[in-house]
Amino acid sequence: MTYTLTTPLYYVNDRAHLGSAYTTLACDAVARHQRLRGESVMFITGCDEHGQKIQRTAEAAGLSPQAHCDLISEGYRDLWNRWQISNDRFIRTTDPRHRQLVAQFFARVEANGDVVEGRQQGWYCVACEEFKDDAPGSEDPECPIHRKPLEWRDEVNLFFRLSRYQAQIEALIRQPGFIAPASRQKEVENFVAQGLRDFSISRIDLPWGIPVPGHEGHTFYVWFDALLGYLTALLDPAEPVVLQQVLDRGWPAQLHVIGKDILRFHAVYWPAMLLSAGLPLPERVFGHGFLTREGQKMGKSLGNVLDPDVLLERCGRDAVRWYLLRDIPFGEDGDFQQQRFTDLVNNDLANTIGNLLNRTSSMARRWFADAVPPAGAAAQADHPLAVAALAAGNIVNTTLTDLDFRRAAEAALQLAIAANGYLNDQAPWKQMKLEGQESLVAADLYAVLEATRWVAVLLAPLLPELSDRMLLQLGQEPFASGPLAPACAPGSHASPWLFAQRWGLLEPGLALIEPQPVMLRLELESPL
Ligand code: MSP
């Protein structure tokens, strides 16, 4: 079975900002975790390129919409490469193959009697590309998210008969685990309880969209077409576009990760569309919180964004991944604070984890001929660090399945803290001065080195590069960039990563190379 997961398809009205990178980095950690566990993964990201917002942005830039989309989507693709995102697909909704898929999907929905003509009146936010039914009654209402005036719309267009799916959607959203975190379920329930209304799926006089087959002058509403991008992305780019084929290519998705602002589209509209087309529903929709800066949602429209390129250049991938995943509970809002960012990176990664490896390896090299010392009593599974390592491994495995990156990161960090504490308590530098203590010191250093190997293993889904550097210094095959070694036990099909979570795999006598700092301290002299 394939583990299919998606990021939202990002609007190309502007370059990516840290808010979009946040979702993508989180998905990357999930995708890596699943692959490391031995699952076959299909990780989809891409760009959402139609609609009025994009058309207007292109006009303002003096470009044709297509040229504008080419430019910005290339920027996204590039950015994900530079962040070493492990996506399997990158879908653009202007791909001609996508048009074919949309036409096939629409034909099913129409044949099912779910498309009717109707009149749409209401306040529209172009930045959200959404009607705001709950717009306050003032004369010039604003979008609460974008703080921009809403536009009055009154037009005849095609509607999707969402109202027919009331009972099925009610049952779906009540299913435990469909909407995550559970705290978001109530808000969707309240929305659905008001009664689902048919929603318009076409626009007239909007040239920058996919034409609706059989309905001259209509183009698809951008959200109708965008959600279907998840399906187009699944098809092999070399195969003919046949909608039904998605069932053999990883549909239904296990997980859609999105921001909380687009939960309704994914947890209500999208499942209803799929039901209408006779396709199975995604397993889970996870709505995460917003990254804020000074308490305001970081966004292109508000102009208070952090540029992922600047962060990459000045701070590096490991630092940003760590801060975003370790500090902000996934699901809740989080304020980006530069001081806290540098403190966490320096304390956790450079000091606690980096120095642990450095000093332990130095001592082992100095006293045990540049090699891993004999394990002695430290080989036992009841060694305190063995117990701690196993517990940390269990936490990482369960919490990552639930997208609780914070607890996973803390578990790996706690193991490093425990190993440091053990080293300080045992003080091998004192023991070494006493007669006949060598095998005791050897065992202590072995235990701490082995715990450090575990820290590196457990960090692989979250910080693939730091994990690699640590494993290389410990003479181990890395997971993240190299082939997935060390080899499994003969006959075992289990994943090398799960296999590596076994106490005592570090081989006594293995040569230790001269340690290099695995994580440089962040010294940011000016604001990001
Ligand atoms: N194009 C639609 C999604 C279509 S999916 C079929 C869209 N695009 S977006 O570019 O505006 O937003 C993409 C995602 O980025 C959303 O999930 C949104 O919540 C997220 N974020 C935008 N700003 C954000 C923050 N400041 N913080 C966290 N996530 C943010 O919506």
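Whatever order the structure lists ligands and atoms in, that order sets their numbers, starting from 1. Everything numeric in this text was worked out from a predicted model, so none of it was measured.
Using a 4.0 Å cut-off between a side-chain N of Lys or Arg and a carboxylate O of Asp or Glu, Asp309 and Arg15 qualify as a salt bridge. Looking at Asp48 and Arg92, no side-chain N of the basic residue comes within less than 4.0 Å of a carboxylate O on the acidic one, giving no salt bridge.
Looking at Tyr22, Tyr11, Tyr10, it is Tyr11 that brings a heavy atom closest to atom 11 (O) of ligand 1. Around atom 21 (N) of ligand 1, the closest heavy atom drawn from Gly19, Ala16, Ala127 belongs to Gly19.
In this structure a side-chain-to-backbone donor-acceptor pair under 3.5 Å is missing from Asp225 to Phe220.
Those atoms of ligand 1 that come under 4.0 Å of a heavy atom in Asp48, given as number and element, are 1 (N), 2 (C), 4 (C). Remark: ligand 1 atoms within the under-4.0 Å shell around heavy atoms of Gly289 are 28 (C). Less than 4.0 angstrom separates some heavy atom of His288 from each of these atoms of ligand 1: 28 (C), 29 (N). Residue-ligand proximity, Ile262 to ligand 1, at heavy-atom distances under 4.0 Å covers atoms 3 (C), 16 (C), 17 (O), 31 (O). Taking every heavy atom of Ala226 and a limit of under 4.0 angstrom, the matching atoms of ligand 1 come to 6 (C).
The aromatic rings of Phe265 and Tyr269 lie perpendicular to each other, with more than 60° between the two planes, well past the 30° mark. Using cut-offs of 30° and 60° on the angle between ring planes, the pair His256 and Trp251 is tilted. Using a 30° and 60° split on the angle between ring planes, Phe341 and Tyr323 fall in the tilted class, from 30° to 60°.
Within the 4.0 Å heavy-atom cutoff, Tyr230 counts among the residues contacting ligand 1. Every heavy atom of Cys128 sits 4.0 Å or more from the atoms of ligand 1.
Below 3.5 Å of separation, one finds no N or O of Phe290 facing any N or O of ligand 1. Looking at Pro8 next to ligand 1, no N or O pair under 3.5 Å apart turns up.
Heavy atoms of Leu291 found under 4.0 angstrom from ligand 1 belong to the backbone as well as the side chain.
With Tyr124 as the aromatic partner, Lys132 does not meet the cation-pi criteria of under 6.0 angstrom to the ring centre and within 45 degrees of the ring axis.
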From CA spacing to verdict: ring pair (Phe, Tyr, Trp, His ring centres under 6.0 Å), Phe330, Phe286:
CA-CA 9 Å; Phe330 201 60; Phe286 195 110; 5.0 Å; yes

